[in-house]
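Structure first, commentary second.
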Amino acid sequence: MKAIRELIAECSTQAFDLHFTRAKEWKAEKEGRVVVGYMPIYFPREIIHAAGALPVGIFGGGDRKQVIKGDAYYQSYICRIPRSIMELVLDKHTAHFDGYIFPSICDVIRNLSGIFKQQKIGKFVKYMDFPQNFLPEIGGVYYQQEMAHVLKYIKDLNGVEVTTDALNHSIGLYNKNRELIELIYHIRQEFPWRLSIEDVYHVIRAGTVIPVEEHNDILKQVCAHIQQDIGKPQDKIKVVISGAFCEQPSIGLIRAIEEAGCYVVDDDYMLGSRMIMGPVDPDTDNPLEAIASAYIRQSQYSSSIYDVHDPKELRLAKIVKDRGADGVIFASASFCDPSLLDAPIFQNAFDRMGIRYMAFQFSENINQFKVIKEQVGAFSDSIKLWDEEPIVI
Amino acid sequence: MPQEAQKEKSMILQKEMINGLFDELEKAKETGKKVCYTFVPGNLSELIRTFDMLPVYPEINALQSAMRKKSGAYIKEAEKNAHSEDVCTYVKCDVGMMLKGNIGPTGQKIPEPDILLLSYTGCFTFMKWFETLKREYPNAEVIMLHTPYQENGEIRPEMTEYMVKQLREEAIPKMEKISGVKFDEEKLKKHLKLAKEAQDWITKIFETTKHRPSPIDAYFAGVYYIGPINIGFRGTQEAVDYYKELYSEIQERIDLGLGPITPEGEMKEEKYRLVVEGPPNWTSFREFWKIFYDMGAVIVASSYTKVGGVYDMGWRHDPERPLESLAEYCMNCYTNLNIPQRIDLLSKCIQDYHADGYVTNSIKSCNSFSAGQLGMMREIEDRLEIPVGFIESDLVDPRYFSYSNIKNRLESFFQMLEQRKIITATEEVV
């Protein structure tokens with residue numbers, strides 16, 4: 001077993017490798033291999049894996065890529081992630097990618113898929129229209145058809161006809177992946193000092209750019225380490241982060257929140273890797289139906305899913321309660337419609353429920369966190385010092 | 001002093017239709033008519049009418065509030081209630097109006113919804129909007145009709161099938177339950193037949209801009225023309241009669257060789273013919289329009305007039321395939337087209353209507369339109385070698401209409417068009 005710092009260092013390198021080197025190596029290992037990039041939030045990576053291809057997450061350039069060309073595609077009042085994705089693509093960071101998938105999340109990501117089509121980027125571009133109808137026989141069937149569409153694109157490139165066995169095997173691997181990630185959160189819920197949120201982020205994000213088998217191996221080792229009594233507790237409150245599910249805050253900002261006095265015991269930074277709660281049935285005659293069923297019945301709440309039958313504010317409140325959190329930090333990317341339009345819903349409900357919260361906006365490239373850090377510090381202090389009264393900032 | 005706008009018979013007809021609708025809405029509780037909130041893109045007017053329900057269009061209320069200079073206060077009210085400065089101002093205007101008593105643009109109270117019918121066409125914000133409304137109106141029945149996006153520039157059979165299943169198994173039973181009216185397919189077919197007729201007329205109306213001078217402005221006046229077909233009258237005889245009357249008025253203008261009517265009377269000289277992409281600014285609508293007609297610019301086609309349906313490519317409701325037809329209608333609305341389709345459609349407009357230039361009015365708070373517009377503009381410029389202009393404003397937030405900036409940019413654009421005309425004329429002589 002590798003030392004925890006060694007594992008984290010490896011993950012840190014992979015997570016922010018904007019040249020997607022591991023995918024390049026993987027592709028070079030065998031002729032005819034296919035690499036498929038996917039954007040936030042969620043995509044059923046199982047099907048790409050089962051088709052013998054490698055799914056690779058594209059989460060923008062963060063604060064590590066200067067955007068010049070990408071700005072020519074987007075007005076100043078549009079969030080930053082589409083422009084940094086354009087920059088990565090136009091600078092050939094993803095030249096070894098064969099196809100791109102744009103899950104339905106918002107109008108910006110949807111229209112970015114059209115720009116990719118118009119510019120003829122990649123061998124295929126698929127906007128994945130996740131169902132907003134949650135009846136298995138209606139939305140579930142449509143979802144299966146959408147997945148079949150993706151599989152056809154991949155088959156056209158590598159000739160692989162996906163089998164039931166292959167899909168079930170891939171489902172099993174990703175079940176394990178989510179189970180191990182959940183174990184990390186479960187341990188941290190009680191012992192958050194054993195692994196910082198910055199390290200958690202590196203470990204999970206690395207899993208979006210390397211083969212799942214390798215990631216599972218890393219996760220097993222990380223879990224083994226944090227099951228030991230390591231690290232020392234500090235006087236910090238526990239918080240849940242919500243709203244940063246697409247454009248990602250820089251690692252400095254993720255770190256700053258914890259440094260300012262908040263153990264982050266749950267978050268939606270890498271929501272896609274944790275979207276399905278619990279296992280997908282790995283042993284059926286119709287694995288696509290099993291994946292669709294899991295999406296319909298076992299999805300985490302998300303700003304991109306119509307929620308009136310299962311209100312998101314109640315679901316977030318439950319997470320807060322289950323994790324024993326003291327409050328919520330709403331972190332929305334600037335100009336992020338789904339996150340910002342959800343803000344009044346959450347905040348009005350939490351005012352009524354007495355759940356303490358604060359809110360700020362960020363963009364992926366900001367690296368001056370003084371103001372946010374002070375706000376978070378004040379939020380933490382207000383809870384630590386005046387715990388009896390729910391405090392809203 | 002702004003001059004009183006000229007009013008033609010069709011304008012009076014339209015005003016009567018809209019006032020009649022708001023009167024009916026005001027009396028809905030007394031008459032027992034059920035109220036259905038829905039949106040313009042993908043609006044299922046014919047289905048709503050089949051159940052004798054009354055439609056309310058929150059985005060229409062928002063733009064009407066803006067034209068009456070009320071939106072600024074509503075938006076501020078919503079922002080006090082945790083709504084971000086950076087999101088759709090239609091949503092904020094609607095929420096603010098609701099918080100201030102839901103008094104509609106005509107001064108009459110708008111009743112609460114019995115049904116929130118979200119046909120979710122081409123705009124994610126619609127979905128968030130109705131999530132917000134559902135919290136405010138917890139007793140309203142919710143119908144979510146997911147309209148698949150034309151991501152690959154096509155409507156695949158499974159997309160139509162998915163929508164028809166939603167209509168048949170979810171939307172219609174819920175509408176029956178709330179309205180107390182049994183679904184009558186024959187009645188729907190009759191409405192669809194009338195819808196088709198109105199679509200034929202409106203297509204003919206927008207095709208009249210092929211004439212020189214164009215007898216109408218397909219953007220600034222076009223937004224009035226699309227009123228009846230988009231806000232609940234599609235599928236009625238009233239709408240057909242309105243469009244027939246409008247067409248005959250336009251035909252008369254063509255016969256007389258007249259240009260479009262502006263708020264200050266008839267436009268005397270048509271100097272530039274333009275295609276415009278994006279919605280207009282509503283808070284300073286007249287000032288915005290004036291910049292164009294003062295320069296002799298007429299809009300011969302616009303994407304905005306296609307948000308409630310793209311009819312000029314030949315698509316029509318088909319009474320013989322009622323539910324399939326409703327599904328295809330939703331999927332065919334402009335913002336449900338992918339970026340290459342939008343480029344092709346706008347390019348065709350530029351060519352068919354012999355436009356001299358292409359202008360994008362980029363709306364700050366509307367990503368459904370705005371995200372991708374710069375790429376579209378460059379592609380159109382490259383493909384057609386046509387001058388392009390780019391301005392920025394907002395839908396209904398008066399803080400984001402900067403008259404001087406817009407005027408400066410448009411003046412530069414018109415200079416470019418003038419230069420192009422001189423060069424073209426010189427080349428023709430040579």
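Proteins come first, then strands; the chains are lettered A, B, ... in the order of their sequence lines, and each starts at number 1.
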Presence of salt bridge, E131(B) and K312(A), under 4.0 angstrom: yes
If you measure from OH on Y120(B) to OH on Y306(A), what distance do you get to the nearest 0.5 Å? 10.5 Å
Among E169(B), M144(B), E170(B), M163(B), which residue meets the side-chain contact (heavy atoms from CB on, under 4.5 Å) test with N133(A)? E170(B)
Find out whether N81(B) and P344(A) are in side-chain contact, i.e. whether some heavy atom of one side chain is under 4.5 Å from a heavy atom of the other. no
Would you say that F102(A) contacts E151(B) through its side chain, given a criterion of any heavy-atom pair below 4.5 Å between the two side chains? no
Looking at D342(A) and K128(B), is there a salt bridge between them, counting it only when a charged N and a carboxylate O are closer than 4.0 Å? yes
Using heavy-atom distances under 4.5 Å, tell me whether V141(A) contacts chain B through its side chain, its backbone, both, or neither. side chain
Please tell me if the side chains of Y127(A) and N338(B) come closer than 4.5 Å, counting only heavy atoms from C-beta onward. no
Just by distance, with hydrogens left out, do N152(B) and H149(A) show a side-chain donor and acceptor under 3.5 Å apart? no
Per-residue contact mode, A349(A) against chain B (heavy atom under 4.5 angstrom): neither
Residue part contacting chain B, namely of I305(A), when any heavy atom lies under 4.5 Å: backbone
Considering only heavy atoms from C-beta outward, does the side chain of Q373(B) approach that of Q75(A) to under 4.5 Å? yes
Cation-pi check, R110(A) to F124(B): give yes when NZ or CZ is under 6.0 Å from the six-membered ring centre and within 45° of the ring axis, no otherwise. no
Are a donor atom and an acceptor atom from the side chains of N111(A) and N367(B) found within less than 3.5 Å of each other? no
When you compare the side chain of M127(B) with that of P338(A), does any pair of heavy atoms fall below 4.5 Å? no
Would you call D107(A) and T125(B) a side-chain contact if the rule is heavy atoms closer than 4.5 Å? yes
Given heavy-atom pairs under 4.5 angstrom as the criterion, report whether the side chain, backbone, both or neither of F130(A) touches chain B. backbone
Region of S334(A) in contact with chain B, defined by heavy-atom distances below 4.5 Å: neither
Side chains of S362(B) and Y77(A): do they bring a donor and an acceptor to under 3.5 Å? yes
Run the salt-bridge test on R135(B) and D307(A) with the 4.0 Å N-O cut-off and return the result as yes or no. yes
Could you look at I105(A) and say if it's the side chain, the backbone, both or neither that has a heavy atom under 4.5 Å from chain B? backbone
Please flag which part of S332(A) lies under 4.5 Å from any non-hydrogen atom of chain B: side chain, backbone, both or neither. neither
At a heavy-atom separation under 4.5 Å, does I138(A) approach chain B through its side chain, its backbone, both, or neither? both
Within the side chain of K165(B), is there an N or O that forms a donor-acceptor pair under 3.5 Å with the backbone of G139(A)? no
Contacting region of P311(A) [heavy-atom separation from chain B under 4.5 Å]: both
Between E146(A) and chain B, with a heavy-atom cut-off of 4.5 Å, which part of the residue counts as in contact: side chain, backbone, both or neither? side chain
